[in-house]
Amino acid sequence: MSIARLAVTTERLDLDALIGAVSSAVEADAEGTGAITSFLGLVREHNLGRRVIKLEYEAYEPLAVRTFERIADEITERWPAAQVAVHHRVGVLAIGEASVAIAAASPHRADAFAACRYAIERIKQIVPIWKREFFDGGDVWIEGATADPDDAAAREDAYRRACV
Amino acid sequence: MSIARLAVTTERLDLDALIGAVSSAVEADAEGTGAITSFLGLVREHNLGRRVIKLEYEAYEPLAVRTFERIADEITERWPAAQVAVHHRVGVLAIGEASVAIAAASPHRADAFAACRYAIERIKQIVPIWKREFFDGGDVWIEGATADPDDAAAREDAYRRACV
Amino acid sequence: MRVSVRVFARLRDIVGAAELEREVPAGASVRRLWDGLVAEFPDAGAYAGSLSAAVNTEYAKMDTELHNGDEVAFLPPVSGGEGVATPRIGRCSTN
Amino acid sequence: MRVSVRVFARLRDIVGAAELEREVPAGASVRRLWDGLVAEFPDAGAYAGSLSAAVNTEYAKMDTELHNGDEVAFLPPVSGGEGVATPRIGRCSTN
C-alpha cells in the first residue's frame, strides 16, 4: 500500500506508514537507508498556565500540501540524500493525540536528524494551519508566525536549529 | 502492557512500543508530553564500497543494559524533562532491518531532539555491542570507539552533536 | 470582476464566514480586496501587520494583481506543529 | 584465586572461546590477567591500546584489583548503533 508522503488529514496519524514511505524512497537510491528519524507533536494538557481541554486544528488544505512540498524541496536542496514524509492532522484533538507526524530517512544519521528537525521548524513557520485552544474558562486561537515562505531569515533560523 | 525501556533483544524492534513507553513516562509528570522523537538505525547494503550481505550483532548484554541506564541518567542530568527508551537488536540482521530503536519524549521539541541524538551518539561510543559485516568476499568485525564511559571529551562530543 | 475570498481561524470568526464572493475593479490588487474587507469588518484591520495572502492556492504578495474568478485567501499568523507553544527546558545552550 | 574471563567479537575469535577460567595470584589486577592472556594468545596484544575492561558487569580500569570468583570481560572497540559507518552528506556545516 502506498500513502501520500505529504498530507493533511482528519484521521489518526500513522507514524509507521510514514516511516515505511520514506524508507522505501531512500532504498531506491544507491546507498540505502541507514537512519530514520521521526517527530510526533502531541497535544499537551498545559499551556501558559492554562489547563487545556482540547485543541482544534484547521488548515487551508491545498496550500498546506503545496507548502509541505516546498519544505520537502528545501530539504532536498540542503540534504540531497534525505527523504521526508509529513502528515498533519486537522479537526478536534484530545490531550495526548498527535497533531503532526514527520519521518525522515537518509543513508546517514546526521542528515536524518537535521531533515526531521528542519521540517518541523519550517512547518511552524509557513504552513497554513491554525489551532484553537479550548481551556478551562474559554478558548483562544493560537497565532504564531506570519507565514512568508520567502523570508530568508526564517529559513535560516530553521536551518540553524536543524544543524548541529 | 509494559515493556523494558532499555533492552538488548533478539526480536524485531518495535518502535511503537518504545514510543508508548516514553510517552506515558513523561505524561506522569506535570507538563505532559508535547514532542516525541525517534531514531531507527538500519542495516545498509553498502559500506565503504563493499556490498553488504548481512550483519551480525553481539552484545555483552548485562553491561550493555547498565550502559543504557548510564546514558539515560546522563540524559536526565542534561534534559531533566526528557525520557528515553532504547532497544538494540542482536543476532543476524538482513539489509533494511533495524539494529537500534530509540524514542525520546519531552514536553518540548528541542529537548526531545537533543535527547534522541545524544542517545545514539553515546550508544556508539560506550555500549558493549559489536557488529560483524558479511560482505561479498568475506567478513570483518567493525571496530569503532574504545569504550570509556568516563571519557569526558567523548561525552562532550556527543553533547555537541545533540545540541543545536 | 468577481473573486472568491477565503478566511481562516480568528479572521474567519471576525468575518463570520469561511468564504465570500466580492466584486473588485479590473486590475485590483490583493491589497485593494483586503482594504475592502477591512472597511466591512473593521476588526480584521488588526491583521494589517501580520497577514499573509494566497491567490489560487499559491502564496502571493499584497500587490499581486487579481483576475476574474481568482480564489484569494487571507491567512492570520500560522501555528501548525505541536499542540502548544514549546519553549526549551534542557541544557542545550544555543537554542 | 580463580576468575572467569569473557571475550567478545574479534577478541573472541582470537581466543577461540567466549569464556575462560583462569588462575591469578591474590591481589592481581585486571592488567595482570590481560597480560597473561596476551602471553597465551599473542594476537590479542593488538588490542593493548584500544581495550576496555569490565569486572562483574561494571566498567573497570586496568589497575582494578580482582577477587576470587570475579567475572572479567575484555572488550574490543565497540560499534553499536546503525548498520554501517555513517559519514555526513548534507550541508549542516559543523558536524
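Lettering follows sequence order; numbering is per chain, from 1.
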Engineer: Can you measure from CD (A:Glu133) to OG (C:Ser79) and round to the nearest 0.5 angstrom?
Structural biologist: 10.0 Å
Engineer: Can you confirm whether C:Arg2 is buried at CZ, in the sense that more than 12 heavy atoms of other residues, nucleotides or ligands lie under 6.0 Å from that atom?
Structural biologist: yes
Engineer: Return the minimal non-hydrogen interatomic distance between A:Ile126 and C:Tyr59, and the atom names on each side.
Structural biologist: O-OH, 2.5 Å
Engineer: When the ring planes of C:Phe8 and A:Tyr60 are compared, do they come out parallel, tilted or perpendicular, using 30° and 60° as the limits?
Structural biologist: tilted
Engineer: Determine the option with the most heavy-atom pairs under 4.5 angstrom with chain C, choosing from A:His88, A:Glu97, A:Glu56.
Structural biologist: A:His88
Engineer: Under 4.5 Å heavy-atom distance to chain C, tell me which part of A:Ala59 shows up: side chain, backbone, both or neither.
Structural biologist: backbone
Engineer: Nearest heavy-atom pair of A:Thr146 and C:Pro77: which atoms, and what distance?
Structural biologist: N-CB, 4.1 Å
Engineer: Flag the one option from C:Ser50, C:Gly49, C:Ala54 with the top tally of heavy-atom pairs under 4.5 Å to chain A.
Structural biologist: C:Ser50
Engineer: Check this for me: C:Glu21, atom CD, are more than 12 non-hydrogen atoms of other residues, nucleotides or ligands nearer than 6.0 Å?
Structural biologist: yes
Engineer: Considering all heavy atoms of both residues, which atom of A:Glu143 and which atom of C:Pro76 are nearest to each other, and what is their separation?
Structural biologist: OE2-CB, 3.9 Å
Engineer: I need the residue from C:Asp13, C:Leu75, C:Thr57, C:Leu51 with the largest number of non-hydrogen atom pairs under 4.5 Å to chain A.
Structural biologist: C:Thr57
Engineer: Would you check, one step at a time, whether the test side chain to side chain contact (heavy atoms under 4.5 Å, CB included) holds for A:Asp150 with C:Lys61?
Structural biologist: CA-CA 10 Å; A:Asp150 299 324; C:Lys61 302 294 181 193; 3.6 Å; yes
Engineer: Which answer fits A:Glu61, side chain, backbone, both or neither, if we ask what part of it has an atom under 4.5 Å from a heavy atom of chain C?
Structural biologist: neither
Engineer: Of the backbone (N, CA, C, O) and the side chain (C-beta and beyond), which part of A:Pro128 lies under 4.5 Å from a heavy atom of chain C, both, or neither?
Structural biologist: both
Engineer: More than 12 non-hydrogen atoms from neighbouring residues, nucleotides or ligands closer than 6.0 Å to CZ on C:Arg32, yes or no?
Structural biologist: no
Engineer: Is there a donor-acceptor contact under 3.5 Å from the side chain of A:Trp130 to the main chain of C:Arg10?
Structural biologist: no
